[in-house]
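Following: one structure in structure tokens, then a few remarks.
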Number of protein chains: 2
Amino acid sequence: MAARQDLIKGNIDTLLLSLINQQPMYGYQVMQELEGRSQGYFKFKEGTLYPALHRLEKAGLLQGSWQTLANSRQRRYYSITEKGRRILVEQTAQWQDFFAAMNLIFQPAKS
Amino acid sequence: MAARQDLIKGNIDTLLLSLINQQPMYGYQVMQELEGRSQGYFKFKEGTLYPALHRLEKAGLLQGSWQTLANSRQRRYYSITEKGRRILVEQTAQWQDFFAAMNLIFQPAKS
DNA sequence: CCGCATACATAGAACCGCTAGGTATTTATA
DNA sequence: TATAAATACCTAGCGGTTCTATGTATGCGG
């Protein structure tokens with residue numbers, strides 16, 4: 001499976017919202033889940049992921065909170081907000097429209 | 001249909017190759033065809049389209065040639081090259097992989 | 001004759017993910 | 001027991017790509 005990570009542009013927020021909507025997660029876990037669930041397709045760089053999480057939190061779509069593990073290690077868990085859920089629904093619909101439009105070009109309907 | 005033109009990032013080249021592969025076209029026509037075939041979804045700006053065509057020609061994926069109309073107006077027709085066709089096949093497969101990966105996140109397979 | 005459509009073009013702004021670096025702890029390996 | 005790899009977070013600046021804004025020029029309809 002050839003890497004075309006750049007196709008992701010514009011979809012990172014939707015991916016993150018969708019994932020965290022299913023279950024609250026911390027950043028490092030998000031990277032693992034994305035890679036695992038996509039069978040190795042999505043390999044987010046930290047320089048991509050963390051700023052994206054910060055952006056979504058700042059926008060009020062995610063809510064983060066620090067949790068300290070037994071070994072005193074820190075994790076920042078993110079959960080989706082009401083607003084985040086609304087935006088997710090919207091973006092999912094937009095993604096479907098976009099996919100449909102792409103396919104109309106790839107396989108033009110008979111005129 | 002809400003506009004999310006930004007999802008297009010990284011897909012412009014594939015769209016152009018796919019369209020011109022079906023039939024040689026000049027720039028202005030490309031804009032009209034994209035808008036028409038996608039039922040109004042894709043509305044390319046000239047500042048997006050022309051540099052993209054130049055880039056693809058420079059990369060040897062498209063070949064352009066000037067044609068003069070009866071009224072002495074100029075049009076630059078683009079057709080796809082052998083190399084362009086190869087890349088198109090590749091990118092189409094990559095697009096399908098990407099779509100599959102996205103859906104794996106949206107609707108995770110049961111574990 | 002004025003505005004819109006046709007037809008091309010480009011400079012610079014803006015955006016966004018990536019590169020490459022940093023800190024610190026724990027666990028596996030040689 | 002070193003030392004490498006994994007865990008877990010972070011950010012400044014680079015680079016590529018799309019958009020904004022603008023320019024040129026002709027043809028056509030009202």
Side-chain angles (χ1 to χ4, degrees), chain A residues 3-17 20 24-36 38 41-59 61-62 64-78 91 98 101-102, chain B residues 3-17 20 24-36 41-59 61-78 91 98 101-102:
Chain A
R4 283 271 339 257
Q5 197 102 21
D6 59 309
L7 289 178
I8 223 200
K9 281 166 201 280
N11 292 299
I12 288 190
D13 292 3
T14 311
L15 278 177
L16 295 182
L17 287 177
I20 293 171
M25 274 181 214
Y26 59 98
Y28 199 83
Q29 186 185 6
V30 166
M31 287 196 290
Q32 295 175 315
E33 289 286 332
L34 281 177
E35 181 165 359
S38 69
Y41 190 93
F42 292 125
K43 289 182 180 160
F44 273 52
K45 318 294 176 182
E46 293 169 306
T48 302
L49 178 68
Y50 289 114
L53 288 173
H54 300 336
R55 194 172 57 238
L56 289 171
E57 181 171 15
K58 199 169 172 194
L61 310 187
L62 292 181
S65 71
W66 285 107
Q67 297 200 15
T68 307
L69 303 187
N71 54 22
S72 83
R73 179 169 293 196
Q74 297 272 298
R75 282 177 180 165
R76 188 156 184 85
Y77 275 87
Y78 292 94
Q91 289 187 349
F98 175 69
M102 285 289 284
Chain B
R4 284 267 346 252
Q5 196 102 21
D6 59 309
L7 288 178
I8 223 200
K9 282 165 203 278
N11 292 298
I12 287 191
D13 292 4
T14 311
L15 279 177
L16 295 182
L17 287 177
I20 292 171
M25 274 182 216
Y26 57 98
Y28 198 84
Q29 186 185 6
V30 166
M31 288 196 289
Q32 295 175 316
E33 288 287 331
L34 281 177
E35 180 164 359
Y41 191 93
F42 293 125
K43 289 182 180 162
F44 274 51
K45 317 294 175 178
E46 293 169 304
T48 302
L49 180 67
Y50 289 115
L53 288 173
H54 300 335
R55 194 171 59 240
L56 289 172
E57 181 170 16
K58 199 169 173 192
L61 310 188
L62 292 181
Q63 164 131 10
S65 71
W66 286 106
Q67 296 200 14
T68 306
L69 302 187
N71 54 23
S72 83
R73 178 171 294 197
Q74 297 272 300
R75 281 178 182 164
R76 189 155 182 85
Y77 275 86
Y78 293 94
Q91 289 187 349
F98 175 69
M102 286 289 284

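Labels below follow one simple rule: chain letters A, B, ... track the order of the sequence lines, proteins then strands, and each chain is numbered from 1. A quick note: this is a predicted structure, and the numbers were derived from the prediction, not measured.
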More than 12 heavy atoms from other groups under 6.0 Å of CD on B:Gln63 |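 No, the 6.0 Å shell around CD holds no more than 12 heavy atoms from other groups.
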
Verify side chain to side chain contact (heavy atoms under 4.5 Å, CB included) between A:Leu49 and A:Ile12, making sure each step is shown before the conclusion.
-> CA-CA 8 Å; A:Leu49 178 68; A:Ile12 288 190; over 6 Å; no

Would you call the rings of A:Phe98 and B:Phe42 parallel, tilted or perpendicular if under 30° counts as parallel and over 60° as perpendicular?
->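 Plane angle over 60°, so perpendicular.
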
Over how many whole Å does the gap from [X] atom [atom1] to [N] atom [atom2] extend?
X       : N      : atom1 : atom2 : value
A:Asp13 : C:dC16 : CG    : P     : 8 Å
B:Leu53 : C:dC8  : CG    : P     : 9 Å
A:Glu57 : D:dC10 : CD    : C1'   : 14 Å
B:Tyr77 : C:dA7  : OH    : P     : 8 Å
A:Leu49 : C:dG17 : CG    : C1'   : 12 Å
B:Ile12 : D:dC19 : CD1   : C1'   : 10 Å
A:Asn11 : C:dC18 : CG    : P     : 12 Å
B:Lys45 : C:dA11 : NZ    : C1'   : 18 Å

Would you sort out whether A:Val30 and A:Phe44 count as a side chain to side chain contact (heavy atoms under 4.5 Å, CB included), showing the intermediate values?
-> CA-CA 9 Å; A:Val30 166; A:Phe44 273 52; over 6 Å; no

Qualifying side chain to side chain donor-acceptor pair (under 3.5 Å) pairs with a residue from residues 45-56 of chain B, counting only residues at least two apart or across chains =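 Side chain to side chain donor-acceptor pair (under 3.5 Å) check on residues 45-56 of chain B returns B:Asp13-B:Arg55.
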
According to a strict under-4.0 Å criterion, is [X] in side-chain N/O contact with OP1 or OP2 of [N]?
X       : N      : answer
A:His54 : D:dT11 : yes
B:Arg55 : D:dT18 : yes
A:Arg76 : D:dC9  : no

Non-hydrogen side-chain atoms of A:Leu56 and A:Tyr78 separated by less than 4.5 Å =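 No, too far: nothing below the 4.5 Å cut-off.
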
To the side chain of [X], which of [options] is closest?
X       : options                : result
B:Trp66 : C:dC8, D:dA8, D:dT18   : C:dC8
A:Ile8  : D:dT18, D:dC10, C:dG17 : C:dG17
B:Tyr50 : D:dC19, C:dC8, D:dC9   : C:dC8

Applying salt bridge (charged side-chain N to carboxylate O under 4.0 Å, His left out), name anything that partners B:Arg75, two or more places apart in sequence or on another chain.
->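 Scan of B:Arg75 (salt bridge (charged side-chain N to carboxylate O under 4.0 Å, His left out), adjacent residues dropped) gives none.
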
Strand contacts (DNA chain C) in residues 24-32 of chain A, 4.0 angstrom heavy-atom criterion =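 Going residue by residue through residues 24-32 of chain A, none turns out to have a heavy atom under 4.0 Å of DNA chain C.
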
Could one point to a donor on the side chain of B:Arg75 or the base of C:dT6 with an acceptor on the other under 3.5 Å away?
->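 Flag unset: no donor-acceptor pair detected.
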
